**Q** 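Got a structure for you, written out below as structure tokens; questions coming shortly.
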Amino acid sequence: MRMERYDIALWSLNLGFAPRSAEEFAAHIAGRLEQAAAAGARLMMMPEYAIEAALAFKPEGLKPTEEIAYLAETGEKLVDLVKGLPVRHGVSLLLGTMPVRSGQGHTNTAILLTADGRVIRQDKLCLTPFEKDPQSWKLEPGTELHVFELDGLKMAILVCLDVEMPALSCLLAAGEIDLLLVPSMTEMTSGYHRVYGCAKARAVELMTAVAVCGTIGVAKGTTQNTANVSGAALFMPCEEELGFDGVALNLPPISGEKGAEYFSVVPVEVEVMRRLRRGGAEVWPGGWSASHVCLTKLN
């Protein structure tokens, strides 16, 4: 399917907006989705752990070890409240990530509600130390990386730390994806630079667009994340036809003082990238394999 461009909305949510209920949270999302639709976006992405804003109305006395189960339950309710919005507005919604019950535990899972009525889930595959802490947020890693089609584009989702793992990029190389979505949460600017720097590298090596947005600010009632710093970006291959530097959008990191957050709609130049992948790139070797290379140690 030929498509010249695909507009996406990146919403780096400020967790400090402190909704008083799941219904108020859903209304907040509905307002942004309407804004995205009015701007011509086909997809709106929210960041990792956007659901943490729901800690603002958590039950009194909830222990840190109980927060994952609470957020999973609240997340299910939020999904039910907003699942009709993408079909109504014609804009798919990546609802950030949230804990989802899986077996004996919970995964950190990105949930994409599509404009054609599907629910696509992608578990985080590589967990951070705080996501494996039995004294607070204990989660389980996912085991499958999905490539899916939406609006005629091939897409995939890597959650935050996953984009830093070259092995996952090697798996995606054979998929020839058009768009990689990276919802993230980073506490410090060092984490921001790791995620966004690796996202830019993925755009180069996969010859694809990589969209990143992260949580900003601090959720009322949080016991885990006392600061969140992020920006919003769309990285492209570094080619002349795309402006040389591989940057379609790169908003600098902010920590969310006075409720500051990012919301931006940016076009993905789909057909240009596809043409470059077909052989028009300056030096890109396609799905290059290192199978003929061996690693040796020199004395």
Side-chain angles (χ1 to χ4, degrees), residues 8-15 25 29 32-33 36 41 43-54 71-72 75 78-79 82 86 91-100 106-114 119-128 130-131 137 139 141-142 145-148 150 155-165 168-169 172 177 179-187 191-192 194-200 202-203 208-217 219 225 228-235 249-251 253 256 261-266 268:
I8 63 172
L10 305 178
W11 181 17
S12 294
L13 172 71
N14 191 316
L15 295 177
F25 198 166
I29 295 169
R32 281 298 196 189
L33 199 65
L43 168 69
M44 184 175 84
M45 179 167 71
M46 295 173 62
E48 185 183 22
Y49 288 123
I51 192 63
E52 194 183 353
L71 290 174
L78 184 65
V79 169
V82 303
V91 181
S92 297
L93 170 63
L94 178 52
L95 196 59
T97 78
M98 61 184 66
V100 170
H106 294 84
T107 53
N108 177 14
T109 301
I111 297 182
L112 174 60
L113 307 173
T114 70
V119 180
I120 296 170
R121 300 172 185 265
Q122 176 62 61
D123 300 332
K124 190 173 184 178
L125 303 168
C126 184
L127 301 179
T128 64
F130 103 86
E131 291 175 306
W137 284 21
L139 293 152
L145 177 56
H146 306 294
V147 173
F148 55 92
L150 177 62
M155 302 185 191
I157 301 168
L158 290 178
V159 179
C160 200
L161 183 57
D162 288 347
V163 81
E164 300 178 36
M165 303 296 112
L168 295 178
S169 183
L172 286 175
I177 59 173
L179 177 59
L180 177 61
L181 304 172
V182 184
S184 75
M185 170 182 269
T186 48
E187 181 182 5
Y192 158 84
R194 286 194 299 270
V195 170
Y196 282 68
C198 289
K200 192 173 191 294
R202 302 295 88 88
T208 195
V210 182
V212 197
C213 69
T215 43
I216 292 172
N225 301 299
N228 288 293
V229 176
S230 198
L234 177 67
F235 298 117
L249 175 76
N250 193 8
L251 302 177
E261 65 179 20
Y262 287 132
F263 180 85
S264 186
V265 177
V266 58
V268 177

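We're numbering straight along the sequence, starting at 1. Everything numeric here is computed off the predicted structure, so don't read it as measured data.
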**Q** If you compare all heavy atoms of Ser92 against all heavy atoms of Leu112, which two are closest, and at what distance to 0.1 Å?
**A**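 Taking Ser92 first and Leu112 second, the nearest heavy atoms are CB-CD1, 4.3 Å.
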**Q** What's the shortest heavy-atom distance between Val212 and Ala199, and which atoms?
**A** CG2-CB, 3.6 Å
**Q** Taking atom CZ of Phe25 and atom CD1 of Ile51, what is their separation to the nearest 0.5 Å?
**A**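 These two atoms lie 5.0 Å from each other.
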**Q** Do the side chain of Ser12 and the main chain of Cys213 share a donor and acceptor less than 3.5 angstrom apart?
**A**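 Pair absent, no side-chain N/O of Ser12 close to backbone of Cys213.
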**Q** Could you tell me if the side chain of Pro141 sits less than 4.5 Å from the side chain of Leu125, heavy atoms only?
**A** no
**Q** Could you walk me through whether Thr215 and Glu52 pass the side chain to side chain contact (heavy atoms under 4.5 Å, CB included) check?
**A** CA-CA 10 Å; Thr215 43; Glu52 194 183 353; over 6 Å; no
**Q** By side-chain contact (heavy atoms from CB on, under 4.5 Å), which residues pair with Val79, not counting sequence neighbours?
**A**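 Val79 satisfies side-chain contact (heavy atoms from CB on, under 4.5 Å) with Leu95, Met98, Ile111, Leu113 once adjacent residues are dropped.
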**Q** Once side-chain contact (heavy atoms from CB on, under 4.5 Å) is applied, do any residues pair with Ser264, and if so which ones, sequence neighbours excluded?
**A** Leu249, Leu251
**Q** Atom CE in Met44, atom CD1 in Ile8: separation rounded to 0.5 Å?
**A**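 So the CE of Met44 and the CD1 of Ile8 are separated by 12.0 Å.
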**Q** Quick one: pull up CD in Glu131 and OH in Tyr49 and give me the separation to the nearest 0.5 Å.
**A**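 It is 3.5 Å, given to the nearest 0.5 Å.
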**Q** Mind checking the CG-OG1 spacing from Leu139 to Thr128? Nearest 0.5 Å is all I need.
**A**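 Answer rounded to 0.5 Å: 8.5 Å.
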**Q** Does Ser169 use its side chain to pair, donor to acceptor, with the backbone of Arg202 at less than 3.5 Å?
**A** no
**Q** Decide yes or no for Cys160 and Val195: does some side-chain heavy atom of the first lie under 4.5 Å from some side-chain heavy atom of the second?
**A**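 Side chain of Cys160 against side chain of Val195, heavy atoms only: contact under 4.5 Å found.
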**Q** With Leu179, which of Leu43, Val210, Leu150 fulfils side chain to side chain contact (heavy atoms under 4.5 Å, CB included)?
**A** Leu43
**Q** Would Ser230 and Tyr196 count as having a side-chain donor-acceptor pair, cut-off 3.5 Å?
**A**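 The criterion, which ignores hydrogens and geometry beyond distance, is satisfied for Tyr196 and Ser230.
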**Q** Looking only at heavy atoms, which two atoms of Ala233 and Asn250 are closest? And how far apart?
**A**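 In terms of heavy atoms, the two residues are closest at CB-OD1, 3.8 Å.
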**Q** Begin from the C-alpha positions of Met155 and Phe148 and carry the test side chain to side chain contact (heavy atoms under 4.5 Å, CB included) through to its verdict.
**A** CA-CA 5 Å; Met155 302 185 191; Phe148 55 92; 3.6 Å; yes
**Q** Parallel, tilted or perpendicular for Trp11 and Phe263, by the 30°/60° rule?
**A** perpendicular
**Q** For Glu48 and Val159, work out which heavy atoms get closest and say how close.
**A** OE2-CG1, 3.5 Å
**Q** Atom CD1 in Ile157, atom CD1 in Ile120: separation rounded to 0.5 Å?
**A** 7.0 Å
**Q** Quick one: do Arg32 and Ile29 satisfy side chain to side chain contact (heavy atoms under 4.5 Å, CB included)? Show the steps, please.
**A** CA-CA 5 Å; Arg32 281 298 196 189; Ile29 295 169; 5.9 Å; no
**Q** Using the rule given for side chain to side chain contact (heavy atoms under 4.5 Å, CB included), can you reason through Thr109 versus Asp123, listing the C-alpha separation, both sets of side-chain angles and the distance that settles it, and then say yes or no?
**A** CA-CA 4 Å; Thr109 301; Asp123 300 332; 2.6 Å; yes
**Q** What residues form a side-chain contact (heavy atoms from CB on, under 4.5 Å) with Asn14, not counting sequence neighbours?
**A** Ile216, Glu261
**Q** Which pair of non-hydrogen atoms, one from Val229 and one from Pro253, has the smallest distance, and what is that distance?
**A** CG1-CB, 3.6 Å
**Q** Nearest heavy-atom pair of Leu10 and Ala211: which atoms, and what distance?
**A**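 Smallest interatomic distance, heavy atoms only, reads CD2-CB, 3.9 Å.
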**Q** Taking C-beta and beyond as the side chain, do Asn108 and Met185 meet within less than 4.5 Å on heavy atoms?
**A**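 Result no, sub-4.5 Å side-chain heavy-atom pair not found.
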**Q** Could you grab the distance from atom CE of Met45 to atom CG of Leu93, nearest 0.5 Å is fine?
**A**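 Between Met45 CE and Leu93 CG, I get 11.5 Å after rounding to 0.5 Å.
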